[in-house]
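These notes are about the structure you will find just below.
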Amino acid sequence: MRSRWRVLLVVGAVLVVGCSGPTGGPAATGSAGGASIVYAKTDGGTTFVRNYNVLGPATDKAPNMELVYEPLMRVDYGAGGVVKPWLAESWAFAAQGKQLTIKLRTDVKWSDGQKFTADDVVYSLGLPIEKPDFSIAGVTYKSVTKVDDSTVKVVFPEPSYATLNQFANILLPMVPKHIWASQNLNTWTNPDPVGTGPFTVGEFKPQQITLKARSDYWGGKLPMTTYKIIPTSADALKAQLLKGDIDWASASWPNGEKEYVAKDPDKHLYQLYSNGGAMSVLFNTAKAPFNDVHVRRALALTIDRTAVVTTLQRPGTEAGPTGLSEQLFGDWLDPSYKGKVQKVDATGAKAELAKGGWTIDNGALVKDGKRYQPSILFNADWGWGNYADILINTWKQSLGLQVKGAGQPSAGYYDKQNLGQFDLAAASTGGASVYGVYRFLSSQFLTPIGKSATLDQGRWNDPETDKIIRSMERTDNVDELKTLGKQLQKIVVDEVPFSPIYNNFYFIDINATRWTGWPTPEKFDSIPFAGMGPDTIRTLLSLQRRGN
């Protein structure tokens, strides 16, 4: 849940589609039945921790909390990344984008039977303001008040049309005031969570969680009665999928098309959905030597992107220099960057180092008598070690620079990244628009090294970037947004706060022996990625038991 650079999450072309949203929630499809669906989680270690305090400071959390807690809105990736209703029924901006009035659904109940009301929303949205350490979604509004039992008003310090998608973030969930307000949120583990989502916790074991489907879920009747979560490894997952022991997972499978899909194209599904961004090298710009653009440029010029995608067996997915998915944002890209992939240029890299007064001596960067021996942080649970090695080898061969590998399991990786305790980090970008991809570069999320960052883990602090991002937030004019987006692209390419490596995807592994009706990359209105909140729920609601 602490991975803010992923997520997450969110893609698309238009930031805010109009100032009010359509009504309606997920369609209720599928027949009822006493069936389970089994999800295998590859990035959570070998055991689970019963901690459903989604906003608390502890790093170890229970998985799939987004099936219990829901946000107000969702992002429809299939429709180009537009924001659509979820617990919110509709909304409207006023006061030139400084006020947002949100109308709530009136048919939502918490899983303990109490009604979901505006009081819960005021409490939930107010937590990040009252307790900034709990602002894990990086909110930008300054106050929220109750208008009536089903209406709230949110006030922003500046016009904020583009920031609507923060209310679609699973890291800004609605929680029940009648339970949460009396707890010490710093220490409470919330073992029996009450949410608006379609599941409650049934049985919790360290190596298997069974969630029970609610019979009174506002979004409709689920076709399964339980949702089981088991931990596994990326290697074990392949055998489990082939044997049909599990139904669903979210993991990259290099050559999955041949090793898995080809064995049973009807039931073995391996799907890739662009997340709008790229796997990248993130520079810690708050510390030397990566506070120097010449060093950042030199390392970006000596990343062998083709070698990485070849190792991953995904040829042709090298990222462009902007870090924006050309598939999703082709109309928003500066033409000078379209179709371009940065090649290894050792000569250019050495020239950049020389411009900055840097030399490389015995494997270290040297300037003014100081030596720097950088390391690269990566998530060892996700198998990133292979391509971290490629980067390390390329920097050594091209520049003579020796970069150390610093693999960490997921919890340690996110802790170090958020606290700024790294030199270089292999990290993921993505977002529900060009603004959504680049928003993390805003200094409004800047914290000192040692204090957890909500978004800006690379500690980027650039007035020009801030000015453009603020301008994007203040307008809903698409042409103006495109112009501003191109200005941000130029900053990313020239100043290199991060260096894109390959296009980033949501990887979906499905064995459809028991369940059918899965979305496909060719036709989808939700991405079947476990961990995407409303999209995950919509996927589950759309399934049918095979043969029914």
Side-chain angles (χ1 to χ4, degrees), residues 5 279-305 307-308 321 323 342 344-380 384-385 387-408 412-427 440-441 443 446-453 456-462 465 491-501:
W5 243 55
M279 286 302 304
S280 305
V281 169
L282 177 65
F283 297 102
N284 190 336
T285 60
K287 61 188 290 190
F290 301 108
N291 57 354
D292 188 324
V293 66
H294 299 295
V295 175
R296 299 195 299 270
R297 287 175 183 163
L299 266 64
L301 283 166
T302 44
I303 292 174
D304 193 340
R305 295 166 178 83
V308 173
Q342 207 167 28
V344 174
D345 180 3
T347 301
K350 291 174 181 174
E352 279 293 338
L353 291 176
K355 285 180 188 176
W358 292 92
T359 58
I360 294 183
D361 177 53
N362 198 24
L365 279 158
V366 179
K367 184 177 180 179
D368 298 332
K370 294 184 178 179
R371 298 174 61 86
Y372 299 92
Q373 190 85 58
S375 62
I376 181 167
L377 173 70
F378 61 89
N379 188 326
W384 292 355
Y387 81 73
D389 286 343
I390 294 173
L391 305 184
I392 290 169
N393 291 335
T394 308
W395 287 323
K396 183 177 181 181
Q397 292 168 6
S398 300
L399 301 173
L401 178 64
Q402 294 182 351
V403 176
K404 299 176 182 176
Q408 287 280 324
Y413 165 78
Y414 291 125
D415 270 352
K416 287 185 174 296
Q417 190 183 90
N418 295 344
L419 292 170
Q421 294 172 339
F422 66 93
D423 299 319
L424 307 159
F440 77 94
L441 295 173
S443 70
L446 187 67
T447 64
I449 290 176
K451 185 175 175 59
S452 187
D456 187 7
Q457 288 96 343
R459 273 66 181 173
W460 183 246
N461 186 7
D462 175 52
T465 301
I491 287 177
V492 169
V493 173
D494 291 348
E495 301 299 321
V496 204
F498 66 97
S499 185
I501 303 175

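In this structure a side-chain-to-backbone donor-acceptor pair under 3.5 Å is present from Asn284 to Gly420. Side-chain atoms of Thr285 come within 3.5 Å of backbone atoms of Gly458 as a donor-acceptor pair (strictly under, hydrogens ignored). A donor-acceptor pair under 3.5 Å links the side-chain atoms of Gln373 to the main chain of Gln402, judged by distance alone. The backbone N or O of Val496 lies less than 3.5 Å from no partner atom in the side chain of Arg297, so there is not a single donor-acceptor pair.
By the side-chain contact (heavy atoms from CB on, under 4.5 Å) test, Ala351 is found to be paired with no residue, residues two or more places apart in sequence or in another chain being considered. Remark: Asn379 pairs with Ser410 by the side-chain hydrogen bond (donor to acceptor under 3.5 Å, both in side chains) rule, at least two apart or across chains. Qualifying side-chain hydrogen bond (donor to acceptor under 3.5 Å, both in side chains) partners for Ser499, counting only residues two or more places apart in sequence or in other chains: Arg305. Contacts of Glu352 classified as side-chain hydrogen bond (donor to acceptor under 3.5 Å, both in side chains), with partners at least two apart in sequence or in another chain: His294. Looking at residues two or more places apart in sequence or on another chain, you find a side-chain hydrogen bond (donor to acceptor under 3.5 Å, both in side chains) between Arg459 and Thr447.
Note that the CD1 atom of Ile392 and the CG atom of Leu401 stand 10.0 Å from one another [nearest 0.5 Å]. Atom CD of Gln457 sits about 12.5 Å away from atom CZ of Phe498, to the nearest 0.5 Å. Expressed to the nearest 0.5 Å, how far CG of Asn418 lies from OH of Tyr413 amounts to 9.0 Å. Between atom OG of residue Ser280 and atom CG of residue Leu424 there is a gap of 12.5 Å, rounded to the nearest 0.5 Å. Atom CH2 of Trp395 is separated from atom CG of Leu301 by 12.0 Å, given to the nearest 0.5 angstrom. Separation of atoms OH (Tyr414) and CG (Leu377) is listed at 10.5 Å; rounding is to 0.5 Å.
For the pair Thr302 and Ser398, the tightest heavy-atom approach, listed with the atom from each and the gap, is CG2-CB, 3.5 Å. Taking both residues in full, the closest heavy atoms of Gln417 and Phe422 are given as O-CE2, 3.5 Å, listed atom of the first, atom of the second, then distance. Residues Val492 and Pro321 approach most closely at CG1-O, 3.8 Å, considering heavy atoms. Annotation for Ala349 and Leu399: closest pair CB-CD2, 3.8 Å, computed over non-hydrogen atoms. When every heavy atom of Phe283 is checked against every heavy atom of Arg296, the shortest pair comes out as CZ-O, 3.7 Å. Of all non-hydrogen atoms in Trp384 and Ala426, the two that sit nearest each other are CZ3-O, 3.0 Å.
Side-chain contact between Ile491 and Leu441 is absent, with no heavy-atom pair separated by less than 4.5 Å. Side-chain contact between Leu353 and Val295: present, with at least one pair of heavy atoms (C-beta onward) separated by less than 4.5 Å. Looking only at side-chain heavy atoms (C-beta outward), Ile303 and Gln342 stay at 4.5 Å or farther from each other. Looking at Ile501 and Val281, their side chains come closer than 4.5 Å, going by heavy atoms from C-beta outward.
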Distance-only donor-acceptor hits, side chain of residues 355-369, under 3.5 Å, sequence neighbours excluded:
| from | atom 1 | to | atom 2 | distance (Å) |
| --- | --- | --- | --- | --- |
| Trp358 | NE1 | Asp292 | OD2 | 2.9 |
| Asp361 | OD2 | Arg371 | NH1 | 2.7 |
| Lys367 | NZ | Gly356 | O | 2.8 |

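Checked options Asp389, Val403, Leu299; the residue passing with Ile376 is Val403 (criterion: side-chain contact (heavy atoms from CB on, under 4.5 Å)).
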